[in-house]
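What follows is a single structure, written as structure tokens, with notes after it.
By convention in this document, chain letters (A, B, ...) are assigned in the order of the sequence lines, proteins followed by strands, and residues within each chain are numbered from 1. Because the structure is predicted, anything quoted here is derived from the model rather than measured.
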Amino acid sequence: MIEDPTLERVLARALRTGGEFAEVFAEDKQSGNATLDDGRVEQLSSGRDRGAGIRVVVGDTTGFAHTADLSEQGLLTAAEAASAAAREGGGGVREIALTRRDVASPSPVSVLPDDVPKADKVAILRQADEAARAAAREISQVTASVAGSRRRILVANSDGLLTSDDQVRTLFSVSAVATGDTGMQTGRKSTGLTIGWELFDRIDIDEFAVEAAQMAITKLRARPAPSGQLPVVIGAGSGGVLFHEACGHGLEKDLVDKGASVYAGRIGELVASPLVTLVDDGTIAEEWGAFAVDDEGAPGQRNVLIQDGVLTEYMWDFLRSRKEGRPNSGNGRRQSYKHLPMVRMTNTFLENGTATPDEVIAGTDHGVYVAKLGGGQVNTASGDFVFGMQEAYLIEDGEITEPIREGNLIGNGPQCLQDIEVIADDFAFGGPGTCGKDGQGVPVGDGCPTLRVAQLTIGGTSS
Amino acid sequence: MTDTATAGTDVDALRALADRVAAQAGPGEQVEAYVSQGTNTSVDAYEGEIESLTQAGSAGIGIRVIKDGRTGFAYAGSHDDDIVADALAEARDNLPFAEPDEWAGLAEPDGVAATALDVHREAVLATPVEDKVAMAIELERMVRAADPRVRGVRAATYTDAEGAFAVATSTGISVGGRSTIAYVSVSALADDGDASVIAGGMSVGRAIDEVSLAEAADDAVSRLLAKIGSVKPESAVVTLILEPRLTATVLGIVSGMLGGEAVAKGRSPFANRVGQQVGSPLLTIVDDPTNPDSLGAEPYDDEGLATRRVPLLDQGVLQGFLHNTHSARRAGTASTASAARGYSSRPGISARALTVLPGEGDLDSLLATVDDGVLASSLGGIHSGVNPISGDFSVSVEGLRVRGGERAEPIKEATLASTLQRLLLDVSHVGADVEWQPGGTGGVTLLIPGVSLSGR
């Protein structure tokens with residue numbers, strides 16, 4: 001994207017007013033998607049976003065500027081803007097010599113999405129639409145989309161680091177609306193991996209679309225969700241979002257440092273049921289949150305956050321690990337070149353237990369089984385979190401019975417981690433997610449086996 | 001052009017670029033270019049220092065090509081000639097793969113005159129960055145000094161931005177404009193037993209002299225202190241008291257259900273209900289982007305049509321829907337100039353300046369009439385717990401219990417549940433206390449009985 005000597009000159013310019021550290025993050029992202037809605041392939045869309053963000057650090061202050069102009073002049077202008085925050089420093093001339101340190105991608109790619117004939121993309125959408133509509137006469141609407149992106153990044157900094165990554169993502173989703181006597185209900189299924197179009201070699205498109213349709217149809221006969229506290233069994237896969245919210249965000253070192261986390265100062269303490277081992281791992285091949293290097297150039301790595309219930313480690317970005325003179329954990333990420341990096345999760349998941357899923361359900365006298373969780377959010381200061389039940393059922397006398405309507409579940413992170421009573425051995429990753437923090441969205445993965453929480457509050461209307 | 005410009009954006013140049021692209025329409029083709037450009041400055045203060053200072057600009061273009069009812073779209077984050085040419089070529093390349101749509105078509109001039117609106121302030125560009133830095137640092141200091149229970153500040157931010165756009169079509173549209181916004185926001189922390197509480201406040205205007213540090217600081221600190229000692233409430237059926245800013249949140253969800261595309265595609269519970277009573281007779285709701293009181297005020301929508309006042313509910317009776325050009329054609333009506341988009345997507349539909357016609361009383365006088373209620377201070381999990389197709393509504397809530405017309409204990413770890421359809425019908429009181437929110441919506445206090453509170 002940018003020649004090495006240019007990068008060296010831009011970094012030197014960025015430090016001219018006294019900055020201690022400078023970084024160029026360049027990005028070239030191509031996106032393409034096709035959408036079918038209301039029985040019609042509505043539109044194919046293609047996009048290109050390319051630019052660089054430059055930051056200059058002096059003390060605890062960061063100056064940042066970004067530009068879509070990747071010429072040397074454009075980058076130098078941005079470097080000067082970024083150095084404005086360091087204007088009071090001593091200045092001087094520093095020579096920067098870059099050394100390339102590339103890391104192999106965890107996810108080999110066979111077919112770049114951009115190389116796929118557009119007619120093939122359209123054919124997938126048509127097939128999904130027909131299959132979902134054929135599933136039942138109650139299906140009144142279907143949306144299907146395929147999307148592919150290729151994001152090439154380059155990171156160069158005044159420590160001499162030069163590295164790059166080539167991140168490919170392919171996403172497929174089908175949503176259906178079912179209409180019945182009780183109104184409308186929705187079902188959705190999505191899958192996404194950091195691979196190319198070979199994603200579709202692994203999917204039975206008909207089956208995938210029918211599953212989305214079945215979810216909507218099942219919910220037509222859903223009863224109002226209960227109101228109040230009940231035992232909750234979380235199904236394998238999408239339940240990983242529970243841990244993303246209940247403790248993942250609270251283990252991000254930027255929030256910990258600002259006293260905005262209930263997990264601050266608790267390393268080495270038992271913070272969860274001893275059944276819980278929680279991992280964040282940016283190297284899981286093909287998962288949605290995987291990469292070779294993070295958006296500050298650090299290699300992705302496996303970080304055990306909670307081991308057998310004991311808090312072992314936080315997640316770190318470059319600035320915070322540098323300040324404390326400790327290894328980086330590879331969690332510095334950003335939405336695009338227009339954003340500053342911060343501590344973010346990658347693929348966050350709970351490891352297997354020893355029970356079987358049937359045992360977990362059979363051991364629940366009266367509660368709720370959540371087959372599919374939607375998004376959530378957390379207040380890291382209080383630990384209170386909320387997440388949505390997209391597909392859920394009552395458990396009565398140890399058996400899954402009636403479907404219930406959508407609603408939120410709420411709990412408190414530290415309490416919820418203590419309340420995990422049993423974990424099964426059926427680990428699965430969930431669907432692709434987008435995690436939002438301070439206005440920036442990044443792709444993340446999560447996963448978990450089937451498990452039961454002694455009690456969560458269910459936000460329904462049925463007493 | 002896309003770097004840290006200090007001069008204001010040249011709207012004429014954006015229009016000229018949009019015009020040049022639209023003029024390339026071939027025989028039987030319609031071409032639209034939506035061009036945007038912006039600059040922003042953002043300062044985060046922490047412990048009396050600048051934590052980060054961002055000064056940047058960005059630009060983009062989105063191009064739609066329509067021929068024989070088929071639409072192709074492409075975008076790029078640059079105005080460079082070769083990249084724009086590539087985007088136009090790519091939009092044409094995409095076009096044959098879309099299926100014909102009899103309602104496809106670009107906006108055409110409809111004779112509605114644009115309202116003159118003063119939405120741009122030179123001060124955003126003229127104010128030295130040092131003054132903006134000082135705002136963020138002072139805001140943090142004010143919050144830390146406000147009360148000994150304030151343990152810290154997670155973030156104190158000053159941001160201002162200028163945004164400019166132009167849209168031109170081969171069907172005769174060629175408009176442009178620019179606007180500015182400035183805001184300060186702060187989130188403060190306090191201890192509450194073993195845990196912490198956090199609360200935020202903000203103040204918004206069109207330039208630095210229109211935002212109030214005191215307003216943002218007072219907002220954050222009063223909300224923070226009110227949360228200390230919160231308990232998980234008993235489950236109950238209560239009267240929900242929505243303060244103006246949360247009424248604005250709920251109105252935003254409802255307006256999404258009144259979008260013409262959702263209606264036409266059978267994704268709105270309000271389809272086929274025009275002329276029917278869908279809300280309380282106390283509820284009259286309009287979207288009026290020509291109202292200068294709203295920060296959502298804009299002379300044009302994102303297809304280049306003049307914005308106008310759109311009645312949605314009149315005394316609870318559904319009047320109609322929000323439309324862009326496509327959904328209006330499909331419904332056999334005229335666009336309400338509600339097209340909204342960024343450069344990387346085709347036009348969607350959105351309200352800009354929703355408001356409820358004021359009733360009587362304010363938060364305090366209405367609260368005094370509530371025997372058993374919850375005064376919500378924040379609602380959470382809206383994106384996961386509210387389904388605009390089924391209308392299911394389930395959100396987490398923090399706020400105060402209200403008993404016998406008095407504020408009682410603060411609550412946390414609780415949810416409120418109903419359906420959006422029921423919430424609209426059950427409104428029992430509408431306040432007169434219109435407060436314009438940062439998102440452009442004018443909220444009032446609402447009372448809604450019969451809402452399920454889940455707790456212990």
Which bit of V142(A) is near chain B, if near means a heavy-atom gap under 4.5 Å: side chain, backbone, both or neither? backbone

Compare every heavy atom of H66(A) with every heavy atom of A56(B), then report the nearest pair and how far apart it is. CB-NE2, 2.9 Å

Contact between D101(B) and R40(A) at the side-chain level, heavy atoms closer than 4.5 Å - yes or no? yes

Lys NZ or Arg CZ of K121(A) over F97(B) ring: under 6.0 Å, within 45°: no

E42(A) pairs by side chain to side chain donor-acceptor pair (under 3.5 Å) with which of H326(B), R346(B), R70(B)? R346(B)

Any idea which of G460(A), S261(A), P414(A) has the most non-hydrogen atom pairs under 4.5 angstrom with chain B? G460(A)

Nearest atoms (heavy-atom pairs only) where R405(A) meets S390(B): NH2-O, 4.1 Å

Is it true that N408(A) and S384(B) share a donor-acceptor pair across their side chains at a distance under 3.5 Å? yes

Looking only at side-chain N and O atoms, does S396(B) offer a donor or acceptor that is under 3.5 Å from a partner on D384(A)? no

Based on non-hydrogen pairs under 4.5 Å, which of G51(A), S45(A), G376(A) is most in contact with chain B? S45(A)

Considering only heavy atoms from C-beta outward, does the side chain of Y75(B) approach that of S31(A) to under 4.5 Å? yes

In Å, rounded to the nearest 0.5 Å, how long is the span from CG of D60(A) to OH of Y46(B)? 9.5 Å

Ranked by heavy-atom pairs below 4.5 Å to chain B, first place among T179(A), L36(A), T62(A), L409(A) goes to T62(A)

Would a 4.5 Å heavy-atom cut-off, applied to side chains only, mark T461(A) and F393(B) as touching? no

Closest heavy-atom pair and its distance - E413(B), I410(A): C-CD1, 3.0 Å

Please identify, among S452(B), G385(B), S196(B), the residue contributing the most non-hydrogen atom pairs under 4.5 Å to chain A. S196(B)

Under 4.5 Å heavy-atom distance to chain A, tell me which part of E234(B) shows up: side chain, backbone, both or neither. neither

Expected output: side-chain Q141(A) to main-chain K265(B) donor-acceptor under 3.5 Å: yes

Is a salt bridge present between D80(B) and R50(A), judged by a nitrogen-to-oxygen distance below 4.0 Å? no

Return the minimal non-hydrogen interatomic distance between S52(B) and L340(A), and the atom names on each side. CB-CD1, 3.7 Å

As an exercise, state the distance from OG of S235(B) to CD of Q229(A), rounded to the nearest 0.5 Å. 7.5 Å

L453(B) CG to S227(A) OG distance, which is reported to the nearest 0.5 Å: 7.5 Å

Taking A87(B), G380(B), G152(B) one by one, which has the highest count of heavy-atom pairs under 4.5 Å against chain A? G380(B)

Modelled atom types, side-chain donor and acceptor of S344(B) and R48(A), under 3.5 Å: no

Between G266(B) and V177(A), what is the shortest heavy-atom contact and its length? O-CG1, 4.3 Å

Enter the distance from T61(A):OG1 to L53(B):CG here, rounded to the nearest 0.5 Å. 9.0 Å

Heavy-atom cut-off 4.5 Å, strictly under: side chain, backbone, both or neither for P96(B) against chain A? neither

Worked check of salt bridge (charged side-chain N to carboxylate O under 4.0 Å, His left out) between D38(A) and R330(B): CA-CA 13 Å; D38(A) 200 24; R330(B) 184 166 179 177; 2.6 Å; yes

Find out whether N40(B) and K338(A) are in side-chain contact, i.e. whether some heavy atom of one side chain is under 4.5 Å from a heavy atom of the other. no

Is any side-chain N of the basic residue among K258(A) and E47(B) closer than 4.0 Å to the acidic one's carboxylate O? no

Proximal component of S268(B), with respect to chain A [non-hydrogen, under 4.5 Å]: backbone

Rounded distance [0.5 Å steps], CG in D93(B) versus NZ in K118(A): 3.5 Å

Answer yes or no: are there more than 12 heavy-atom neighbours, outside D194(B) itself, under 6.0 Å from its atom CG? no

Which answer fits S418(B), side chain, backbone, both or neither, if we ask what part of it has an atom under 4.5 Å from a heavy atom of chain A? backbone

Within the 3.5 Å criterion, strictly below it, is a donor on N94(B) or S46(A) matched to an acceptor on the partner's side chain? yes

Any idea which of P269(B), A417(B), S454(B) has the most non-hydrogen atom pairs under 4.5 angstrom with chain A? S454(B)

What residue, out of E49(B), R151(B), R64(B), K227(B), has the most heavy-atom pairs lying under 4.5 Å from chain A? R151(B)

Would you call T186(A) and R267(B) a side-chain contact if the rule is heavy atoms closer than 4.5 Å? no

Looking at L95(B), V237(B), I389(B), V197(B), which makes the most heavy-atom pairs under 4.5 Å with chain A? I389(B)

If only side-chain N and O atoms count, and only distance matters, is there a donor-acceptor pair under 3.5 Å linking K232(B) with T457(A)? yes

Can we say R154(B) and D438(A) salt-bridge, meaning some charged N sits less than 4.0 Å from an Asp/Glu carboxylate O? yes

Within the 4.5 Å heavy-atom criterion, are H383(B) and Q377(A) side-chain neighbours or not? yes

For the CG atom of N387(B) and the NZ atom of K219(A), what is their distance to the nearest 0.5 Å? 6.5 Å

Restricting to non-hydrogen atoms, name the atom on L189(B) and the atom on G259(A) that form the minimum distance, rounded to 0.1 Å. CD1-O, 3.8 Å

Could you check E99(B) against Q43(A) for side-chain contact (heavy atoms from CB on, under 4.5 Å), going step by step and ending with a plain yes or no? CA-CA 8 Å; E99(B) 292 168 345; Q43(A) 178 177 274; over 6 Å; no

Ranked by heavy-atom pairs below 4.5 Å to chain B, first place among V262(A), V56(A), D254(A), I458(A) goes to I458(A)

From the list P100(B), S230(B), A104(B), the residue making the most non-hydrogen contacts under 4.5 Å with chain A is P100(B)

